[in-house]
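Since the structure comes first, as structure tokens, the remarks are kept for the end.
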Amino acid sequence: MQKLEANGTTVNVDRFISGTHLQNYFKTGEPFEFSAYISEQTHQRFFRRGGINGRVPEWQQFGLTYDYSPSNERHFNLTIPVTEQLLQANESLNLHFQVRARNPFYISKYAQSTGRELAYQSYSSNEYIIFNETLSLIKYRPRIKESIKRNLLSDDIPMPKAKEEPTDELDDGKFLPYFKPELYLYLIYDNSAYQMPQGPPIQIRERMKIHHDTNMYEPIIYLSDYWLLKKDMVLINDTLPSLNLSLHFNTYSFNYYVMQRQFEQQWETQKQYGLESGDMDEMKRMFLETDPILLTVTMIVSLLHTVFEVLAFKNDINFWKTKDSMEGISVRTLYTQTFCSVIIFLYLFDNETSMMILASNGFGILLDFWKIKKASKVRRIDTFPYFALDDNQKYVESETKEYDRIAMRYMSYALFPMLVCYTIYSVLYNEHKGWYSFVLNTFVGAIYMFGFIQMTPQLYINYRLKTVEHMPSRALFYRFLNTIIDDLFSFIITMPTLHRLSCFRDDVIFFIYLYQRWAYKVDKTRGPYGSAEEKKEGEKTEAIVEGKEKTE
């Protein structure tokens, strides 16, 4: 421990370690205070060129300690008037934050004037040590795409209005100022001594200010807008008389800070690889608005969802790859299902749904097209749509085609009248962005509301054949598990209401299929309905039984 002799007294300086370590200026329990200022000036001009001189802080707090004391938590709300200067193009508005504490190396002027020899030379004539940080309150972002909807039969001119959760930005080169209405001001609690030359962790090294003359580092001031969602930011224009700002201060865990910095760096990397900011906002919203227990369960289940999705696609592909007969398969349902999948994909894209949902639906459509190619023969023709589908020969010769035709006929009796009624209701009472949006919404509404009807032909064929051996049972089982998971996700991920309801609709179909699987016992040795794998398993079982009988 080094000592300073001043005015006949001994002053202990216990902050300095050795030249091989870095230590925080603040010790645990160190008292400090902070001040917050609002100014158009930059950090350099405000703190180093006298901008702070004579300024009264908008928010000032005393009696804080450098630890996790609950009394450190402080909150403040203030109103900022919207001035002509603020409305000017490229104008900035900054929050300047200053932390002050007693200087551990402070020596009074009297001690310096005594002429005594100081045993320790790293002293300062400044009574306080001051740490400054600045964060802009304005973020310039591309314009948000406005949603314009109207009744198509009305002559009223629609008024543009922003979406409730604006995430889709226009790429027209125009940027508008958005105000950050809420900020978190953190002082990172870190009492670590970092050995040189390794220094602090790489995640925070660039944010740490080191004083090599004293081998000390400043406590990190973290002004965070990380959890501020785009939908909460306020567009600055001349219709706003003032802006409301909420500030929250507390000491913050070093480990949590390092973790959050990793999140920021990873998301910046993902953004460079094309992940849209709307998807990142969706992830933040899940963390902010979802109950922690439900979120934890959802994260675990989401991993299972990914596994089941891959297994479902894998088994579905294996089933169709070895499928040499379409007997027992409703080919018309396959056509209808593909058409509905394309409509749903266009609807989700038109409603700017999360990329996670779009990617899953897009891959499913590609798989449906591949199934159609396997189930039918594609033939080129000279007129639109320049191709025709011919039924598989075994499918034509089997009784499955007749059952499929009967089921589709009865399905059309129920579906078409409901589709007409829903179309009339939609055009009379619903608002749409245009006729394209109207067609999509009408078709999708009918699919979601009456979509379970399109599965009835396959269920009818199963009933008439009294078997489900022709079905891809493993793929359907994994899809059934994913349907249950989708029910959970429907309450968390942002998606259209109709798509959310369809998750529960699929449950009904799978339960009926499970009942049929229970009612019609699977016999892998009967008929031509099993897949190639199932037939091989059945043949092996039969050979084993015959071998035992011969032995006896």
Looking only at atom types and distance, does a side-chain atom of Glu218 sit under 3.5 Å from a main-chain N or O of Lys209, one as donor and one as acceptor? no
Could you check whether any side-chain N or O of Asp316 sits under 3.5 Å from a backbone N or O of Ala312, counting only pairs where one atom can act as donor and the other as acceptor? no
Shortest non-hydrogen contact between Pro57 and Ser35, atoms and distance: CB-CB, 3.9 Å
Is there a side-chain contact between Thr134 and Phe46 in this structure, where contact means two heavy atoms from C-beta onward sitting under 4.5 Å apart? no
State, to 0.1 Å, how close Leu245 and Lys180 come at their nearest heavy-atom pair, and which atoms those are. CD1-O, 3.4 Å
Rounded distance (nearest 0.5 Å) linking atom CD1 of Ile236 with atom CG of Leu93: 7.0 Å
Does any N or O in the side chain of Arg261 come within less than 3.5 Å of the main-chain N or O of Tyr256, such that one atom is a donor and the other an acceptor? no
Take Val99 and Phe97 through the side-chain contact (heavy atoms from CB on, under 4.5 Å) test and state the conclusion after the steps. CA-CA 7 Å; Val99 175; Phe97 190 71; 3.6 Å; yes
Between the side chain of Asn77 and the main-chain N/O of Leu247, is any donor-acceptor distance below 3.5 Å? no
So do the side chains of Leu304 and Val307 get within less than 4.5 Å of each other, counting heavy atoms only? no
State, without any angle test, whether Tyr189 and Thr28 hold a side-chain donor-acceptor pair at a distance under 3.5 Å. yes
Can you tell if the side chain of Met208 reaches within under 4.5 Å of the side chain of Ile220, non-hydrogen atoms only? yes
A quick test of your reading: do over 12 heavy atoms of other residues, nucleotides or ligands sit less than 6.0 Å from OH of Tyr226? yes
Worked check of side-chain contact (heavy atoms from CB on, under 4.5 Å) between Ile38 and Leu78: CA-CA 10 Å; Ile38 305 296; Leu78 72 153; 4.1 Å; yes
Is the ring pair Phe47/His96 parallel, tilted or perpendicular, if the boundaries are 30 and 60 degrees? perpendicular
Would you please classify the geometry between the Tyr194 ring and the Tyr217 ring as parallel, tilted or perpendicular, with 30° and 60° separating the classes? tilted
Run the salt bridge (Lys or Arg N to Asp or Glu O under 4.0 Å) check on Glu30 and Lys27 step by step: do they pass? CA-CA 5 Å; Glu30 182 85 25; Lys27 300 289 285 185; over 6 Å; no
Roughly how far, to the nearest 0.5 Å, is CG of Leu64 from CZ of Arg74? 4.5 Å
In Å and rounded to the nearest 0.5 Å, what is the NE2 to CG distance from His43 to Asn132? 5.5 Å
Between Trp59 and Phe34, ring centroids under 6.0 Å: yes
Is the cationic atom of Arg141 (NZ for Lys, CZ for Arg) positioned less than 6.0 Å from the six-membered ring centroid of Tyr178 and within 45 degrees of its normal? yes
Any heavy-atom pair between the side chains of Ile188 and Ile221 that's under 4.5 Å? no
Does a donor on one side chain sit under 3.5 Å from an acceptor on the other, for Asn103 and Tyr25? no
Distance, nearest 0.5 Å, that separates CG of Leu346 from CD1 of Ile365: 7.0 Å
What's the spacing between Leu135 CG and Leu185 CG if we round to 0.5 Å? 8.5 Å
State, yes or no, whether a side-chain contact exists between Phe249 and Phe76 at a heavy-atom distance under 4.5 Å. no
Should the pair Tyr222 and Tyr257 be assigned to parallel (<30°), tilted (30 to 60°) or perpendicular (>60°) ring geometry? perpendicular
If every non-hydrogen atom of Asn441 is compared with every non-hydrogen atom of Tyr347, which pair is closest and at what distance? OD1-CE1, 3.3 Å
With no hydrogens and no angle check, do the side chains of Asp67 and Thr65 hold a donor and an acceptor under 3.5 Å apart? yes
4.5 Å side-chain heavy-atom contact, Leu240 and Leu243: yes
Derivation and outcome, side-chain contact (heavy atoms from CB on, under 4.5 Å), residues Ile344 and Asn361: CA-CA 8 Å; Ile344 290 173; Asn361 279 267; 4.2 Å; yes
For the student: nearest non-hydrogen atoms of Phe179 and Asn244, plus distance: CE2-O, 3.5 Å
Locate the shortest heavy-atom distance separating Pro177 from Ile138; write the atom from each residue and the value. CB-CG2, 3.8 Å
Check whether any side-chain heavy atom of Ile52 lies under 4.5 Å from a side-chain heavy atom of Tyr37, and answer yes or no. yes
Working for side-chain contact (heavy atoms from CB on, under 4.5 Å), residues Ser253 and Met259: CA-CA 10 Å; Ser253 166; Met259 188 183 305; over 6 Å; no
Check the angle between the aromatic planes of Phe32 and Tyr66 and answer parallel, tilted or perpendicular using the 30° and 60° thresholds. perpendicular
If you draw a 6.0 Å radius around CD in Gln44, do more than 12 non-hydrogen atoms from other residues or ligands fall strictly inside? yes
So Tyr184 and Tyr186, would you call those rings parallel, tilted or perpendicular, with 30° and 60° as cut-offs? parallel
Restricting to side chain to side chain contact (heavy atoms under 4.5 Å, CB included), what partner residues turn up for Glu33, sequence neighbours left out? Gln60, Phe62, Arg100
Quick one: does Leu228's side chain get under 4.5 Å of Pro181's, heavy atoms only? yes
Would you give the length of the straight line joining atom CG of Asn72 to atom CD of Gln61, rounded to the nearest 0.5 angstrom? 10.5 Å
Answer yes or no for Arg102 and Tyr128: cation-pi contact, defined as NZ/CZ to six-membered ring centre under 6.0 Å and angle to ring axis within 45°. yes
